[in-house]
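Beneath this line is the structure, given in structure tokens, with notes to follow.
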Amino acid sequence: MKKNYLFFILLFLCSQYVFSQRTNFEKVSSLLAKDILNEANKALKLAPITVTAMQSERSAGGAHDFFSEGDYWWPDSANPSGPYIQKDGLTNPHNFTAHRKVMIRFSQLTGTCTAAFLLTKNKKYAQQVLKHLHAWFIDTNTLMNPSLLYAQAIKGKFTGRGIGIIDMIQMMEVAQSVRVLEKYNMIPSKDLATIKNWFSSYLLWVNTHPYGIAEKEAKNNHGTCWTMQVAVFAKLVNDTTLINYCKNRFTTVLLPNQLDKNGSFPLELKRTKPFGYSLFNVDAMVTLAYILSDKKDNLFNAATADHTTLQNAINFIYPFVKDKTKWPYDKDVMYWDSWPIAHPFLLFGAEAYSIKSWYTLWEKLDHFPKEDEVIRNLPVRNPLIWLNN
């Protein structure tokens with residue numbers, strides 16, 4: 001009896017070890033390949049569209065400047081021609097979002113075609129990515145300036161705000177796709193140098209401009225997303241100083257200042273969309289840890305003073321992803337029915353902590369959501385390009 005017991009314990013431990021190895025690329029490929037190739041083949045027909053294709057009369061920037069407006073700001077019915085007023089959590093559908101939408105389109109297309117290239121090694125997918133990279137970063141007629149001076153503006157109040165820098169998380173999978181294609185020598189050296197120079201210029205701007213500094217110091221998911229995008233872009237341009245800075249900021253600022261001992265993120269729970277914001281921030285935190293962890297530093301082991309880690313954060317939110325009806329806090333004022341989806345924290349967390357149930361739940365959820373707001377708030381839409389890394 002004792003021998004049998006020990007045998008099953010050993011078998012369990014072995015299965016966990018095998019699960020913890022980086023075999024997820026094969027498993028995820030098997031699960032998602034058909035849909036990825038279907039989406040990638042559609043993307044092959046799409047021509048590049050950049051920020052130069054459409055403008056807003058409310059933008060203070062030029063043709064090459066990204067422009068967006070604060071989501072929760074509306075005309076004042078008492079003063080229709082005056083400054084906008086805030087309605088937290090309620091998105092104004094008439095605000096200018098065209099630049100954000102084409103950036104998301106660029107991100108989706110790039111990530112999907114890069115994933116298809118990894119699955120098939122067919123160069124046509126890489127060549128389509130190159131066409132769009134050229135339009136956004138190289139062609140002087142269509143490129144976007146490497147800054148977000150005019151993001152999340154508010155009519156009558158601000159021509160741009162640091163809070164708008166969160167829109168640049170849409171470029172994360174673009175940067176990661178460039179890293180993947182670079183490894184396969186699919187990007188001409190001259191083009192690669194120009195693209196990397198664009199991201200280096202953005203990193204300089206976001207680390208020195210008052211907007212970037214203000215966003216970095218944000219106490220909630222905005223501070224998380226500043227670090228997450230900087231980490232990805234720094235990896236692309238091999239800026240080890242910035243990479244180490246992001247590691248230190250994660251362990252000494254983000255985690256201890258945002259994560260409660262019960263595993264929740266209290267600042268997100270205070271919002272009018274507490275479920276969506278909690279999901280978004282744990283996605284960003286776990287993705288950031290996944291990006292920055294290496295043989296020397298495993299950020300999944302980082303803990304607060306009361307020994308709380310990202311495992312506690314996932315443990316907190318997991319039951320409500322599994323069964324949303326158990327959510328004990330207020331329902332989100334918008335998009336309550338759109339969550340959850342196949343969140344990257346389940347996939348990356350399962351690998352980091354060797355917990356099969358998280359991966360099993362991730363497999364069952366929606367991997368290709370259609371709601372624009374959900375897509376916008378999903379930092380990793382193409383896991384294959386990250387798992388391959």
Side-chain angles (χ1 to χ4, degrees), residues 47-109 132 135-137 139-172 174 198 201-202 205-206 208-218 220-222 225-226 229 271-273 276-277 280 333-335 371-377:
I49 304 175
T50 76
V51 296
T52 60
M54 66 288 292
Q55 298 297 308
S56 169
E57 62 182 13
R58 296 190 292 275
S59 173
H64 297 274
D65 289 307
F66 179 92
F67 176 70
S68 64
E69 293 183 292
D71 297 278
Y72 307 144
W73 293 85
W74 296 68
D76 184 355
S77 58
N79 182 18
S81 62
Y84 279 11
I85 60 174
Q86 187 179 33
K87 299 180 182 181
D88 190 29
L90 300 176
T91 299
N92 180 354
H94 302 296
N95 282 345
F96 184 84
T97 59
H99 286 176
R100 180 187 294 157
K101 288 179 179 178
V102 295
M103 188 186 284
I104 291 172
R105 175 185 185 267
F106 176 41
S107 175
Q108 288 180 298
L109 182 150
H132 289 257
W136 278 83
F137 303 128
D139 188 335
T140 55
N141 293 314
T142 59
L143 62 74
M144 172 183 152
N145 286 334
S147 63
L148 261 71
L149 285 166
Y150 308 102
Q152 295 213 23
I154 301 173
K155 182 182 177 182
K157 291 180 178 288
F158 304 104
T159 57
R161 296 181 296 159
I163 199 170
I165 288 169
I166 201 169
D167 283 332
M168 270 295 284
I169 67 170
Q170 310 305 337
M171 285 287 193
M172 285 170 41
V174 174
W198 190 98
S201 296
Y202 175 78
W205 179 83
V206 83
T208 57
H209 192 276
Y211 287 176
I213 294 170
E215 184 72 347
K216 175 175 65 175
E217 299 300 332
N220 61 359
N221 65 79
H222 280 266
C225 288
W226 183 95
Q229 61 175 269
R271 300 296 300 273
T272 56
K273 294 186 286 189
Y277 275 115
F280 178 57
V333 295
M334 292 185 75
Y335 307 110
E371 172 60 57
D372 287 345
E373 185 68 7
V374 172
I375 294 170
R376 174 192 170 197
N377 289 290

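- Shown here for Arg271 and Asp88, the closest heavy-atom pair between the two residues is NH2-OD1, 3.4 Å.
- The salt bridge (Lys or Arg N to Asp or Glu O under 4.0 Å) analysis of residues 92-106, with sequence neighbours excluded, yields the pairs Asp71-Arg100, Arg100-Asp167.
- In this structure, Thr142 and Ala135 approach most closely via the heavy-atom pair OG1-O, 2.7 Å.
- Minimum heavy-atom separation, Phe280 to Cys225: CZ-SG, 3.4 Å.
- The shortest distance between side-chain heavy atoms of Trp73 and Gln86 falls below 4.5 Å.
- Proximity of Thr91 to Tyr335: side-chain heavy atoms (C-beta onward) are separated by under 4.5 Å at one or more points.
- Of all heavy-atom pairs spanning Pro80 and Ala78, the tightest one is CD-C, 3.8 Å.
- Between His64 and Thr140, the closest heavy-atom pair is CE1-O, 3.2 Å.
- Summarising the geometry of Ile375 relative to Gln108, their closest heavy-atom pair is CG2-NE2, 3.6 Å, with the distance given to 0.1 Å.
- By the 4.5 Å heavy-atom criterion applied to side chains, Trp74 and Leu90 are counted as neighbours.
- Annotation: side chain of Thr97 is not in contact with side chain of Glu69 (no heavy-atom distance under 4.5 Å).
- Trp226 places no side-chain N or O within donor-acceptor distance of the main-chain N or O of Glu217, the cut-off being under 3.5 Å.
- The closest side-chain heavy-atom distance from Thr52 to Asn141 is not below 4.5 Å.
- Met171 contributes atom CE, which lies 9.5 Å from atom OH of Tyr202 (distance to the nearest 0.5 angstrom).
- Between Ile104 and Asp372 the shortest side-chain heavy-atom distance does not fall below 4.5 Å.
- Taking CD1 of Ile49 as the start and CG of Leu109 as the end, the distance is 10.0 Å to the nearest 0.5 Å.
- Below 30°, between 30° and 60°, or above 60°: for Phe67 and Phe96 the angle between ring planes is between 30° and 60°, a tilted geometry.
- In this view, Glu371 satisfies the salt bridge (Lys or Arg N to Asp or Glu O under 4.0 Å) rule with no residue, not counting sequence neighbours.
- To the nearest 0.5 angstrom, Ile163 atom CD1 is 4.0 Å from His222 atom NE2.
- For the pair Gln55 (side chain) and Ala63 (backbone), a donor-acceptor distance under 3.5 Å is present.
- Between the side chain of His99 and the backbone N or O of Met54, at least one donor-acceptor pair lies under 3.5 Å.
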So Tyr277 and Asn220, side-chain contact (heavy atoms from CB on, under 4.5 Å) or not? Walk me through it.
-> CA-CA 10 Å; Tyr277 275 115; Asn220 61 359; over 6 Å; no

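- Aromatic ring orientation, Trp136 versus Phe106: parallel (interplanar angle below 30°, classes split at 30° and 60°).
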Side chains of residues 144-158: which donor-acceptor pairs under 3.5 Å do they make with residues two or more places apart or in other chains?
{"unit_1": "Asn145", "atom_1": "ND2", "unit_2": "Asp65", "atom_2": "OD1", "d": "3.0"}
{"unit_1": "Gln152", "atom_1": "OE1", "unit_2": "Arg161", "atom_2": "NH2", "d": "3.4"}

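- For the pair Pro75 and Asn92, the minimum side-chain heavy-atom distance is below 4.5 Å.
- Between Tyr72 and Asn95, every side-chain heavy-atom pair lies at or beyond the 4.5 Å cut-off.
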Would you check, one step at a time, whether the test side-chain contact (heavy atoms from CB on, under 4.5 Å) holds for Val206 with Met168?
-> CA-CA 10 Å; Val206 83; Met168 270 295 284; over 6 Å; no

